[in-house]
There are 2 protein chains.
Amino acid sequence: MERLIRNLKITINPKVYVKDPESSDLGKRLVEQGIALIDQQGFEHFTFKKLGDLVGSNESSVYRYFENKHKFLLYLSCWYWGWMEYRLVLNTLGASDPEDRLNKALEILTQPVELDMAFAHVDEVALNRIMVNEHAKPFLTKAVDRENKEGYFEPYKRLVERFAEMIGEVNGDYPFARSLASTVLEGSLHQHFLENHLPSLTNCKQPGSITHFFRGLVTSVLNSSEYV
Amino acid sequence: MERLIRNLKITINPKVYVKDPESSDLGKRLVEQGIALIDQQGFEHFTFKKLGDLVGSNESSVYRYFENKHKFLLYLSCWYWGWMEYRLVLNTLGASDPEDRLNKALEILTQPVELDMAFAHVDEVALNRIMVNEHAKPFLTKAVDRENKEGYFEPYKRLVERFAEMIGEVNGDYPFARSLASTVLEGSLHQHFLENHLPSLTNCKQPGSITHFFRGLVTSVLNSSEYV
DNA sequence: ATAAAATGATAGTAATACTATTAAATTTGC
DNA sequence: GCAAATTTAATAGTATTACTATCATTTTAT
């Protein structure tokens with residue numbers, strides 16, 4: 001897999017950047033160091049000035065790649081969900097039984113990312129932490145409808161769609177496959193956040209228990225007739 | 001109930017404000033108009049200057065009541081969850097059967113707020129919209145741990161705790177009552193958000209279907225042995 | 001070697017998030 | 001009803017942020 005990975009590139013909607021950061025060394029450093037910076041200081045304290053300094057360049061150079069810091073976060077978010085989709089597909093190809101496939105999907109989508117797969121210059125472990133800590137910020141904005149039209153949420157939508165399909169293959173009569181899929185994806189990030197910051201709001205303290213919790217939910221509702 | 005309501009006051013941790021807005025006419029107008037302003041323009045475009053102008057006063061007056069706009073949002077959030085707890089308690093007192101009580105709780109916590117109960121100067125319908133559109137912003141910040149220590153999330157925690165207790169009364173063996181409670185609360189706001197802005201990520205388009213979806217989830221998992 | 005493109009450095013603007021000061025109005029105590 | 005205390009209004013000012021514009025320098029492509 002390692003080899004495969006180095007030759008692959010996550011495709012990002014060109015509208016989220018001014019100039020493709022993948023197209024230059026500076027661009028790649030911006031992504032790499034931007035992830036490190038947001039991971040350390042949080043998105044609120046992240047500025048293009050800091051990022052410029054960090055990569056040994058300056059503010060104006062960063063603006064040549066990204067319109068503003070919100071677009072930068074959108075870029076990371078698109079990358080993350082695109083990468084999750086890739087992981088989901090890769091890891092469920094082998095499972096021919098729908099239940100096995102769904103279980104595998106649940107693992108991929110709810111377990112914390114603990115191994116940096118060194119996908120190019122992206123530290124996926126740090127990026128996963130960013131998603132846990134900032135997950136709602138790409139869409140909780142007044143511009144969400146316009147940005148949706150411009151396609152910035154497509155990677156996330158594709159992932160939900162794929163996951164919902166796997167749910168449908170286990171129980172085609174369940175009428176809330178998409179809601180369940182989006183609840184699990186969002187809820188998983190939220191439970192990881194609670195585990196770190198508001199532990200009294202969760203029972204998931206052991207490694208793997210978030211996956212356990214969501215597997216219980218999904219399995220129960222798909223095997224039950226309670227939803228009618 | 002109307003009468004009862006007018007004599008009640010939601011208690012807010014004094015640390016979230018500089019001066020209690022309930023203690024003066026200006027303070028009440030700040031809360032009232034602040035809700036209207038955030039509802040219309042979104043929290044990102046909300047400024048104390050705009051709010052000061054709107055109430056016929058100015059920026060510096062607002063600062064005498066709230067330290068900054070984040071604290072203002074925390075105030076609204078505390079008010080909202082305090083009010084939800086009040087509604088939860090009031091509406092579940094009558095139900096002696098644990099399952100009835102849990103069902104009632106699910107309704108209260110997942111249905112959109114559609115009736116302004118005219119609880120003092122707070123428009124609960126608008127406040128509910130704000131919570132749907134900004135729900136994660138009070139806690140998705142680098143200061144979450146400090147703010148947690150200062151007790152700003154107590155109302156939310158109390159609500160989750162109460163809800164988790166009701167879950168425990170239906171099935172005391174279920175090991176994820178808190179996670180389920182926090183998932184339903186957060187997930188409900190999220191599904192309402194998706195319904196409004198990213199409808200392809202949800203199956204909940206009819207009134208009541210979000211409640212229906214979560215009731216299915218909760219009921220299934222509590223009646224199942226899948227979670228073990 | 002030259003043109004074109006990318007980057008670096010500097011400066012500047014508008015808006016925001018505050019703080020400080022003082023004057024005016026209102027409330028309160030007596 | 002008057003003085004004192006408190007609250008509010010008005011103004012000014014600062015630091016930071018989020019940009020935009022300009023131009024010099026370096027790198028790259030042919």
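Lettering follows sequence order; numbering is per chain, from 1.
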Ignoring hydrogens and geometry, is there a side-chain-to-backbone donor-acceptor pair from H192(B) to L189(B) under 3.5 Å? no
K137(B) vs E134(B), test: salt bridge (charged side-chain N to carboxylate O under 4.0 Å, His left out). Steps then yes/no. CA-CA 6 Å; K137(B) 291 180 187 170; E134(B) 326 279 357; 2.5 Å; yes
Does a side chain donor of either E195(A) or T202(A) reach within less than 3.5 Å of an acceptor in the other side chain? no
So that I can tick it off, tell me whether E59(A) and K50(A) are bridged by a salt bridge, with the cut-off set at under 4.0 angstrom between side-chain N and carboxylate O. no
Please state how far atom NZ in K49(B) lies from atom P in dA9(D), giving the value in whole angstrom units. 14 Å
Cation-pi check, K69(B) onto F43(B) ring (under 6.0 Å, within 45° of axis): yes
Summarise protein proximity over nucleotides 5-24 of chain C in one line of letters, 5' to 3': B for base, S for sugar-phosphate only, - for none, counting protein heavy atoms closer than 4.0 Å. -SBBBB------BBBB----
Output the rounded distance in Å from CZ (F72(A)) to P (dC19(D)). 14 Å
